[in-house]
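Here is the structure we will look at, set down as structure tokens.
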Amino acid sequence: RISLFILVLYALFGFGCANQAVNNTETAVAETSNSSINNPKTSDTKSSSTTKSIVEKRSEKKLEEKPEYPIRPFDTETLYDLLVGELAGVRNNFGPAQEKYLAQARLTRDPGVVARAAQISAYMENSPAVLEMSQLWVEVEPNSLEAHSLYTMSLSRYGRYDEALKYAEYALERGQHEPLLGLVVSANRANKEQRTTLLNQYPKLEARVPNNTFLQLTKAMLQRQQGLYSDGLNTVNHILSQDSTMQSAVMLKAQLLFQLGEKTKASAFLEQSLANAPNNKRMRLQYARFLAESDLDGAHNQLSILSTQYPNDSELLYSLALAKKGLKKNAEAIELFAQLTKYPRTSYSAHFELGILAEQNNDIEAVLTHYRQVRSGPKLL
């Protein structure tokens with residue numbers, strides 16, 4: 001039962017194995033750079049979703065908002081297509097909107113039209129169109145940081161990391177580090193040779209953008225992806241010597257210590273760090289995950305703190321319920337699982353656990369009642 005609890009903590013925290021663990025720090029870094037990304041990822045989250053976080057998430061939130069471009073005349077056919085596209089978008093009919101804007105972006109090469117076409121394609125998750133339009137956007141509006149960001153992500157998605165780096169570098173030199181973050185996140189899917197090529201570019205980047213802690217952080221992330229845990233730890237220690245409160249660096253150091261086999265040091269380091277950041281959700285989740293390996297009661301205590309801080313987070317409550325079940329606090333676990341049946345994200349799993357607990361009590365009627373409520377998902381079979 002304890003192993004199930006640990007697996008759920010992994011899923012809740014996005015830290016299932018050495019490779020998956022990389023995504024955890026990268027998500028935390030993304031939170032540091034973009035405060036709108038602050039929800040824990042579930043086990044259904046795919047790593048590719050991270051690459052959507054920059055321009056595409058902006059498009060999801062503000063598809064109606066367009067940058068200011070100079071007014072210019074269009075011929076009648078172009079104007080008609082753009083009006084049709086806009087009206088289709090207003091009605092949430094994005095297929096025709098995308099079709100019209102792609103056609104006119106290729107025809108007019110107008111920066112405003114190209115930008116709009118790129119944003120709609122990103123919203124529609126049309127990767128080939130995003131690649132085409134972001135490349136065109138950089139060509140027609142070479143000073144646009146948003147264009148460089150989207151092109152970086154598009155190239156990275158297609159495994160063209162070395163090409164993507166120069167566009168991420170352009171943004172980094174102008175104070176925007178999100179494209180480089182997205183590139184490094186995508187590099188988790190790269191092979192060792194590709195990551196070696198990226199790491200070999202860092203001396204040049206460090207010369208052009210000196211004393212940039214975020215650049216150093218992405219370097220440590222790449223070193224970790226490459227399995228260079230000691231090198232990564234040295235890099236992150238250098239970051240923390242400059243800024244001991246950089247929470248994404250704190251998280252990365254703890255994870256590197258853990259992967260180096262220094263599990264006690266990793267837990268102690270996070271415990272100390274939490275004294276300075278008691279409300280850091282992701283850090284406390286990481287600490288709970290470490291404790292769950294050998295101290296379920298300690299993990300339970302950390303999850304209890306989190307459930308008080310975030311009483312409406314059903315996934316946190318589910319992990320807490322599993323911890324109570326693992327500690328044989330069945331009455332408390334049953335009460336919590338019963339609450340969780342009311343949340344769509346946890347309803348089926350909660351009914352499944354209630355069925356198991358009822359089976360242990362030989363309450364066959366309750367067993368059948370709960371198991372019949374498991375209608376889809378991984379527990380169905």
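Numbering of residues begins at 1 and proceeds along the displayed sequence.
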Chi angles and distances behind the side-chain contact (heavy atoms from CB on, under 4.5 Å) call for K265, F258: CA-CA 8 Å; K265 283 186 179 180; F258 193 87; over 6 Å; no
Verdict with reasoning, T213 to Q242, per side chain to side chain donor-acceptor pair (under 3.5 Å): CA-CA 8 Å; T213 54; Q242 298 175 308; over 6 Å; no
Derivation of the side-chain contact (heavy atoms from CB on, under 4.5 Å) call for H351 and K379: CA-CA 10 Å; H351 276 297; K379 305 294 186 184; over 6 Å; no
Intermediate values then yes/no, side-chain contact (heavy atoms from CB on, under 4.5 Å), L183 and L180: CA-CA 5 Å; L183 170 58; L180 183 60; 4.2 Å; yes
Working for side-chain contact (heavy atoms from CB on, under 4.5 Å), residues E141 and V114: CA-CA 9 Å; E141 196 175 7; V114 172; over 6 Å; no
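Checked against ring pair (Phe, Tyr, Trp, His ring centres under 6.0 Å), Y167 has the following partners two or more places apart in sequence or in another chain: H148, Y151. With sequence neighbours left out, the side chain to side chain donor-acceptor pair (under 3.5 Å) criterion links E132 to R106. Residues passing the salt bridge (Lys or Arg N to Asp or Glu O under 4.0 Å) test with D231: none are found, sequence neighbours excluded.
For the atom pair NZ of K204 and CG of N200, the computed distance is 11.5 Å after rounding to the nearest 0.5 Å. Interatomic distance, L274 CG to Q247 CD, rounded to the nearest 0.5 Å: 9.0 Å. Here the straight-line distance linking atom CD1 of I120 with atom CG of L102 works out to 8.0 Å at 0.5 Å rounding. In this structure, CD1 in I334 is found 13.0 Å from CD in Q339, a value given to the nearest 0.5 Å. Note: L136 CG to L131 CG = 11.0 Å, rounded to the nearest 0.5 Å. Rounding to the nearest 0.5 Å places CG of L354 at 10.0 Å from OH of Y371.
Judged by distance alone, the side chain of S244 and the main-chain N or O of L240 form no donor-acceptor pair under 3.5 Å. When atom types are taken as modelled, the side chain of Y287 and the backbone of F269 share no donor-acceptor pair closer than 3.5 angstrom. With R375 contributing its side chain and Y348 its backbone, the two residues share no donor-acceptor pair below 3.5 Å. One N or O on the side chain of Q194 and one on the backbone of N191 form a donor-acceptor pair closer than 3.5 Å. Between the S347 side chain and the T341 main chain, a donor and an acceptor come within less than 3.5 Å of each other. Side-chain atoms of R284 do not come within 3.5 Å of backbone N or O of N279 as any donor-acceptor pair. Within the 3.5 Å criterion, the main-chain N or O of A105 finds no donor-acceptor partner in the side chain of R109. For E99 (side chain) and F94 (main-chain N/O), no donor-acceptor pair under 3.5 Å exists by modelled atom type.
Note on M133 and L155: separate hydrophobic clusters, where clusters join Ile, Leu, Val, Met, Phe, Trp and Tyr whose side-chain heavy atoms are under 4.5 Å apart, directly or indirectly. Hydrophobic cluster membership differs between V138 and V140, with clusters built from Ile, Leu, Val, Met, Phe, Trp and Tyr side chains linked at under 4.5 angstrom. By the criterion of side-chain heavy atoms lying less than 4.5 angstrom apart, applied directly or through intervening Ile, Leu, Val, Met, Phe, Trp or Tyr residues, L252 is grouped together with L260 in one hydrophobic cluster. Using a 4.5 Å cut-off between side-chain heavy atoms of Ile, Leu, Val, Met, Phe, Trp and Tyr, with links allowed through other members, V209 and L199 fall into the same hydrophobic cluster. When the side chains of ILVMFWY residues are joined at heavy-atom separations under 4.5 Å, either directly or via intervening members, L320 and L322 end up in a single hydrophobic cluster.
The neighbour count for E173 CD, taken as heavy atoms of other residues, nucleotides or ligands under 6.0 Å away, is above 12. Atom OH of Y80 is surrounded by 12 or fewer heavy atoms from other residues, nucleotides or ligands within 6.0 Å.
Proximity of W137 to Q119: side-chain heavy atoms (C-beta onward) are separated by under 4.5 Å at one or more points. With contacts defined as side-chain heavy-atom distances shorter than 4.5 Å, the pair I356/E353 qualifies. The closest side-chain heavy-atom distance from T152 to S156 is below 4.5 Å. Counting heavy atoms from C-beta outward, N143 and Y170 have side chains that approach closer than 4.5 Å. Using a 4.5 Å cut-off on side-chain heavy atoms (C-beta onward), L217 and H177 make no contact. Annotation: side chain of D295 is in contact with side chain of D297 (closest heavy-atom distance under 4.5 Å). Within the 4.5 Å cutoff, side-chain heavy atoms of T235 are placed close to those of Q223. Inter-residue side-chain proximity for L303 and L285 is flagged as met; some heavy-atom pair is nearer than 4.5 Å.
Between Q104 and T78, the side chains place a donor N or O and an acceptor N or O closer than 3.5 Å (distance only, hydrogens not considered). With no hydrogens or angles considered, a side-chain donor-acceptor pair links Y202 and T218 at under 3.5 Å. A side-chain donor-acceptor contact under 3.5 Å links Q216 and E206. For the 3.5 Å distance criterion, the side chains of S127 and R157 qualify, holding a donor opposite an acceptor. Between the side chains of E178 and S149, no donor-acceptor pair of N or O atoms lies under 3.5 Å. Side chains of Q259 and R224: a donor-acceptor N/O pair is present below 3.5 angstrom, by distance only. Side chains of E315 and T346: a donor-acceptor N/O pair is absent below 3.5 angstrom, by distance only.
The two residues V236 and A249 have their closest heavy-atom pair at CG2-O, 3.4 Å. Across all their heavy atoms, L357 and A333 have their closest contact at CD1-CB, 4.5 Å. Nearest heavy atoms, A129 versus Q98: CB-OE1, 4.3 Å. Across all their heavy atoms, L316 and K281 have their closest contact at CD1-CE, 3.7 Å. Closest of all the heavy-atom pairs between L233 and K253 is CD1-CG, 3.7 Å. The two residues P311 and Y343 make their nearest non-hydrogen contact at O-OH, 4.2 Å.
Salt-bridge formation is detected for the pair R116/E86: a Lys NZ or Arg NE/NH1/NH2 atom is positioned less than 4.0 Å from an Asp or Glu carboxylate oxygen.
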